[in-house]
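Report on one structure; see the data block that follows.
Numbered from 1 within each chain, the chains take letters A, B, ... in sequence-line order.
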Amino acid sequence: MRLRVDGKEVEVQEGALLLQVAPVPTLCHHPHTETKGLCRLCLVEVNGRLHPACATLAQEGMEVKTETEALRRLRKTLLEWLALTTDLSQAPELLSLMERYGAEPARWPEVAGRKEREALKDNPFFLRDYAKCVNCRRCVDACGDGIMGVYALTLEDRGLLAHPTTPLGRPLPETPCVFCGNCVQVCPTGALRPLTLEVA
Amino acid sequence: MRTTCPYCGVGCQVEPEVQGGRVVRVLAPDIPPNHGALCVKGRFGLDFPFSGKRLLYPMVRESRDAPFRRATWEEALDFAAEKLLEVLRRKGPEAIAVFPSAKTTNEEVYLAQKLARALLGTHNVDHCSRLCHSSSTAALSRSLGGASMTNPIEDIWKTDLFLVVGSNTTETHPVIAAMIKKRVRQGARMIVVDPRYTGMAEAATLWLRVRPGTDLFLLNAMARYVLEAGLWDRAYVEARTEGFAEWRASLEEYTLERAEAVTGVEREKIALAARLYATTERAGAYWAMGVTQHTKGTATAQALVNLALLTGKVGKEGAGLNPLRGQNNVQGAGDMGALPDVYPGYLKVADEAARKRFEALWGVPLNPKPGLRMTEVFAAIPEVEAIYLIGEDPVTSEPYQDHLKAKLSALPFLLVQDILENETTPFAHVILPAASFLEKEGTFTNTDRRVQRVRKLLDPPGEARPDWWITQELGKRLARALDRPWREYPGPEAIWEEVRQAIPELMGGISYARLEAEGVRWPCPFEDHPGEAVLFRERFNTPSGRARFFPAPYTPPAEPPSEEYPFTLSTGRVLFHWHGGTLSRNSRLKEAYPELKVEVNPKDAERLGLQDGEPIYVVSRRGRIRARAWVTERTPEGVVYAPFHFAEVPANRLTLDALDPVSRIPEYKVSAVRLEKVD
Ligand code: SF4
Ligand code: SF4
Ligand code: SF4
Ligand code: FES
């Protein structure tokens, strides 16, 4: 199968994702948790329309653009909004993306973000510090269908209010959580992190 | 840096970050077998090497009543060698036993058994899998000529039906359980045979709640039903097996009616399970201690083997016979010859060709007589006078603890080599401090035969040394006194090179260089061989090349409940702990599960007037322990379940030492107990 990415011809196997040929920044996508298509950071232009590269199959003859001016602006804005609402201090990859796209969160008015949320410490192993959470959903998927199948985490509310939590907001030890830490491993922002990192 | 999890046989790859004398984080790389996933033990339980209970200096005492005194390595090793030699001269090799450990590396096990066989002249060599999978080993070896999982872990993704018998997989092999459960979410079916409502039972398509110790009857009844219904694989049985007619005749009494009466499972369910298993092309059987730890453990494993052969499930992708090994290196310890009747590579001690091979390699004459198994060694004290114990804690893990303690007190010489103080160290005469998995190089072999690297991230604390170094030093001293050859190895890789040379048919192609990227599965006879995933595709490893059916007659458990002891006690593990708890209870894991809880069914609790969380005594004919009642439907009426991780309230004080006649495994899963209120 042949397609063009930023003007260059590339060859891929049937069933490949656009992400595999179009290197763009990602946030929510994770191969093990099977999370994809949520954060929109990986949008690319295909024959003039926008598609998430992490959730779109490559097709014969596609004309893919990964870095148009519009896409750059979009990523810049997305990152600014993330920075506005969320504490990204422990998300080095997002911080360097902000630099790359010249993000200036200060150009927006202040929003009542989640930065003020207090970290939850309800178990001996890890913190849930949702002030740093970007709602990528990876933890929810790692816990549920993607890896563990224990469903101790869910996503509540929609849009800007969306946030991961436990069923009925119970402390983790009162949920089916088995403390495998797979949610911690896939969390890209340090919102979930081992307690051992704290006492240093 | 990448290394291998030291807890269970899944053999997950881990990348611990060590800083300032602690493990600050553990991530998992995206390679087999775990592909980035871990369980709580690998993720948060790797800090036991920093425990205050680490043994830091060699210690010696002249008699059991004397206090330990700190000694130099020279002194301690000289003293230990002298003691062993003294017993050897006076009572001969049979009075000495060496127990390598399924927690140490392949290289270390190889060296320890070599020391026993080549220097001390004894085959009294064994390890803790005697207590977990020896019955699987016995059944699989005699039927198929091999005793490991026949299929790789990745085959889970190709399996359409899982038959899980006596395995609390979600707690004992959590990463494999997560894979199986995911495959079930993708549409595969799962039949779970277990008295308890485990995480697997919860995820099952069909759960058969057998009465404890009756799964053998159920499996035989399934086989009989498959035959009667004409669902068996005639072509497979004719082409690839033998002993069929004799075995078939042995199934007469296992009707569905009787099975229902014995097992407590409705006959329709048994028939459905049999039908599903027989008619699904890619059906894999998985089992663990619920099958093996019985006086009929070998027979039950055999019944699984028979059922799989009858329906043509062995030697195929996505199917097979898959005993889940417990300790991180149980597979390797067996492969390296930590067994009384075989050399490395499962070559029979009694076989002359095998003896010649090792005589040539080691340059010494070898004893033609197989040795004693671990349980037999303990029973033979004080005839057996000296034991060299590496990384094992029999006081916690052996059955009928009080009896074992009496035996150990009567043992003239006990040499203990370990990383942490445990329940057995007080019985020692010499204690040698060993390095933990974070502090040495080597390999472990996981449950699906994958040889994987263990890498040194830290220096050992105090004067602790890697097990291979200690064994080598001890060997040097014995060799000098006995005037026998003893090769000195610069490090684990050199030992591994000798293993490759010793058993090229299994390990010949597995070099350390190849293991850099990821593990390699044996058999792997040469360097560009990929390693065998599915065993027995064309022929079995028996003399005839065919697999053999063996009758597997049902016998009831050795100690049925009585008026005085009306409950059946089953022992096992919980997610947060590991075996005797020596490792896990010296890690962060202890906070998540601090004390012993005994599962009691709500109906029984009501009858006895027990509240959830109430302290109780569990009493058997052999002793009593105090625990907290956990009132839960997980355990059926009439059964109580106790994890055995808590040395201060050891469940094994209650268990009996009735043994399987073939494998000598104790019946941990069934003992009669009563519950008493604490006033
Ligand atoms: S640690 Fe708990 S919440 Fe996180 S993935 Fe594991 S089970 Fe789910
Ligand atoms: S906690 Fe982490 S993994 Fe979960 S949604 Fe938030 S950022 Fe994503
Ligand atoms: S499943 Fe086993 S090997 Fe994997 S992390 Fe857990 S204990 Fe370690
Ligand atoms: S990475 Fe593709 S939408 Fe998030």
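Considering every non-hydrogen atom in both A/Cys180 and B/Phe44, the closest pair reads C-CE1, 4.3 Å. Nearest approach of A/Asn182 to B/Ala37, heavy atoms of both residues: OD1-CA, 3.3 Å. Of all the heavy atoms in B/Ala178 and A/Met148, the pair that sits closest is CB-SD, 4.0 Å.
Side-chain atoms of A/Val178 and B/Leu575, non-hydrogen and from C-beta on, do get closer than 4.5 Å to each other. Within the 4.5 Å cutoff, the side chain of B/Arg43 has no heavy atoms near those of the A/Val184 side chain. Using a 4.5 Å cut-off on side-chain heavy atoms (C-beta onward), A/Thr196 and B/Arg588 make contact. Residues A/Ile147 and B/Lys182 form no side-chain contact, since every pair of their non-hydrogen atoms from C-beta on lies 4.5 Å or further apart.
Residue-environment remark: CZ (B/Arg455) exceeds the threshold of 12 foreign heavy atoms within 6.0 Å. Summarising the local packing, CZ of A/Arg107 is surrounded by more than 12 heavy atoms from other residues, nucleotides or ligands at distances under 6.0 Å. Counting heavy atoms of neighbouring residues, nucleotides and ligands inside a 6.0 Å radius, atom CH2 of B/Trp630 exceeds 12 of them. Summarising the local packing, CD of A/Glu110 is surrounded by 12 or fewer heavy atoms from other residues, nucleotides or ligands at distances under 6.0 Å. When the shell of 6.0 Å around CD of A/Glu93 is examined, it contains 12 or fewer heavy atoms from other residues, nucleotides or ligands. Atom CD of A/Glu14 has 12 or fewer neighbouring heavy atoms from other residues, nucleotides or ligands inside a 6.0 Å radius. Counting non-hydrogen atoms of other residues, nucleotides and ligands closer than 6.0 Å to CD of A/Glu9 gives a total above 12. Enclosure of atom CD in A/Glu118 is not indicated, since only 12 or fewer non-hydrogen atoms of other residues, nucleotides or ligands lie within 6.0 angstrom.
Side-chain atoms of B/His35 never come within 3.5 Å of backbone atoms of A/His32 as a donor-acceptor pair (strictly under, hydrogens ignored). A distance-only check finds a donor-acceptor pair linking the side chain of A/Gln185 to the backbone of B/Ala28 [under 3.5 Å].
Contacts of B/Val23 with chain A are made by backbone atoms alone, with heavy-atom separations under 4.5 Å and no side-chain atom involved. Neither the backbone nor the side chain of A/Asn123 comes within contact range of chain B; no heavy atoms are under 4.5 Å apart. Looking at B/Ala177, there are no atoms closer than 4.5 Å to chain A (heavy atoms on both sides), in backbone or side chain.
Of the listed residues (A/Gly146, A/Pro176, A/Pro173), the greatest number of heavy-atom pairs within a distance under 4.5 Å of chain B belongs to A/Gly146. By number of non-hydrogen pairs under 4.5 angstrom with chain A, the leading residue of B/Gly20, B/Pro174, B/Cys39 is B/Cys39. Annotation: maximal heavy-atom pairing with chain A below 4.5 Å, among B/Glu591, B/Arg25, B/Met179, B/Arg185, occurs at B/Arg185.
Ring orientation note: the planes of B/Phe576 and A/Phe179 are tilted relative to one another, at an angle of 30° to 60°.
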